[in-house]
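Protein chains get the first letters and strands the later ones, always in sequence-line order, with residue 1 at the start of each.
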Amino acid sequence: MKNVVMLENVDYFDIRQILESGQVFRFEKISDSSYLLNAKNKIIKIIQQEDSNSVLVHNTNLGELEEIWSRYLDITTDYKDIVQKLSQKDDYMSQAIAFGSGIRILKQDPWEMLISFILSQNKAIPHIKQCIRNIAQQFGLPIDEYDEYGKAYYTFPTPEQLSHAKEEDLRACKVGFRAPYILDACQKVLNGELILNDLYLLSAEEAKEKLMQVKGVGPKIADCILLFAYSKTEVFPTDVWIKRVIEGIYFKGKDVNLSEIQSFAKEYFGDLAGYAQQYLFFYGRENNLFK
DNA sequence: GCACAGGGCCAAT
DNA sequence: ATTGGCCCTGTG
C-alpha cells in the first residue's frame, strides 16, 4: 500500500536544487518546495519541509523508499565531505556551493540518459522536456496509479518499445535532426553492440569511448551520461554555460578550448570534478552569470 | 514580426 | 584544427 513517507535527517538535500540543476528532465514544479518526479516507472511527489532537514515523499512506502529512492536520490553519499573539500578551493567555488548546497547527483537510468542527452544538443531545457514528454506519450506505457492532477503520465520507453518508432514518428515528437541518432542508439543497444549495464564496471574513459560510438553522442553528452547515470563523478561535462563560467573565473575571461578546460578540471577538482560542475552550472545559470 | 541562441555534433574543408 | 549547418522553439 502506498502513502506518504518522511525522509528525515537529510542534510545537503534540496529538491528544487536537485531537479533544477539540469541533470534530469522528467519532473514538474508544483511550488518552490514541491515537485512531481517521473522516474523508475513511477510518480512520486517530493515536498521539502520548511526549516528542517526532512522531506515528505508521497505515493511510495518505506520498502520502496529504501529499495529504490534512497539509491536514486543518492541519500547514502556523504555530501558534507564533498562540500567541505570543494569550498576550500576558492571564493567563487565557495559561493557556488553556498548557493546550491542542496544539490545531489541522481543515479538515473542509463538508457533514459542516453536518449535524453542525445535530444539535448542545441536545444533549450524546456524544449528538451517537451520532446521527452512527446516520446514517452507515444512509445511508453501509461502510469495509471497517479492522477492527483488529472493528468496522464507515461513511462520512458524501453529500447524495444522505442525501436518501433520510425524516423517520421520521432520527428513528429519534434526531435528534428536528432531522429536518426535515436534510432542508431536503439539499434546498437538492441543488437548488443552497446551493453549499457557493462559500463558501470568500466573506467570513465573506456565507458566514454563506448558511448561515443553512438551517432550524435560526442564528448559532452557522453560525460553527462557518465555522471548522471553511472556516477562517474570524476568527469566534467563541458557545455556552453560551464565553458563561460570556467573562462570567466579561472582564465581571466580568455577564450580556451575544450581540452584545456578538461585538463584544468581534472587537475583542479580531481575526483570531485562532476560535483564541482553541478555547483558551478547551477550557480552560473540561475544567476545568469558570464552570459 | 523576426532574429537569435539553445546543457553539441557531424561532415566537409 | 576549424567551421557551417542543423530541426524546432522560447525569448528579446
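Both tests do not hold together for A/R71 against A/W69: distance to the six-membered ring centre under 6.0 Å, angle to the ring axis within 45°. In this structure, A/K89 satisfies the cation-pi test against A/Y268, with its NZ or CZ atom closer than 6.0 Å to the six-membered ring centre and inside 45 degrees of the ring normal. Taking the ring axis of A/Y230 as reference, the NZ or CZ atom of A/K107 does not stay both within 45° of it and closer than 6.0 Å to the ring centre.
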In sequence, state the C-alpha distance, the side-chain angles, and the governing distance for A/F290 and A/E247, and then conclude on side-chain contact (heavy atoms from CB on, under 4.5 Å).
CA-CA 9 Å; A/F290 305 107; A/E247 286 169 352; over 6 Å; no
Does the salt bridge (charged side-chain N to carboxylate O under 4.0 Å, His left out) test come out yes or no for A/K40 and A/E64, once each step is laid out?
CA-CA 11 Å; A/K40 298 282 185 183; A/E64 218 177 70; over 6 Å; no
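For the residue pair A/Y250/A/D90, the side-chain donor-acceptor check at 3.5 Å is satisfied.
Using a distance-only test at 3.5 Å, with no hydrogens or angles considered, no donor-acceptor pair links the side chain of A/E112 to the main chain of A/D109. Using modelled atom types, one side-chain atom of A/Q262 and one backbone atom of A/F236 make a donor-acceptor pair closer than 3.5 Å.
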Once pairs are restricted to Watson-Crick or G-U wobble with both distances under 3.5 Å, how does DNA chain C read as a dot-bracket string, [ ] for crossings and | for other-strand pairs?
||||||.|||||
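In the 5' to 3' direction, nucleotides of DNA chain C lying under 4.0 Å from heavy atoms of chain A begin and end at C/dC6 to C/dT9. Chain A approaches DNA chain B within less than 4.0 angstrom (heavy atoms of the protein), and the contacting nucleotides run 5' to 3' from B/dG6 to B/dC10.
Among the atoms of the strands shown, base atoms are found under 4.0 Å from some heavy atom of A/K220. Here A/R178 lies in heavy-atom contact (under 4.0 Å) with a base.
Only one option out of A/Q277, A/E234, A/M93 pairs with A/F269 in a side-chain contact (heavy atoms from CB on, under 4.5 Å); it is A/M93.
Across C/dT11 and B/dG7, the matching P atoms stand 11 Å from one another, rounded to whole Å. For the P atoms, the distance linking C/dG5 with B/dA3 amounts to 16 Å, nearest Å.
Put simply, A/V24 and A/Y153 are part of two different groups of oily side chains (I, L, V, M, F, W, Y) that touch within less than 4.5 Å, one to the next.
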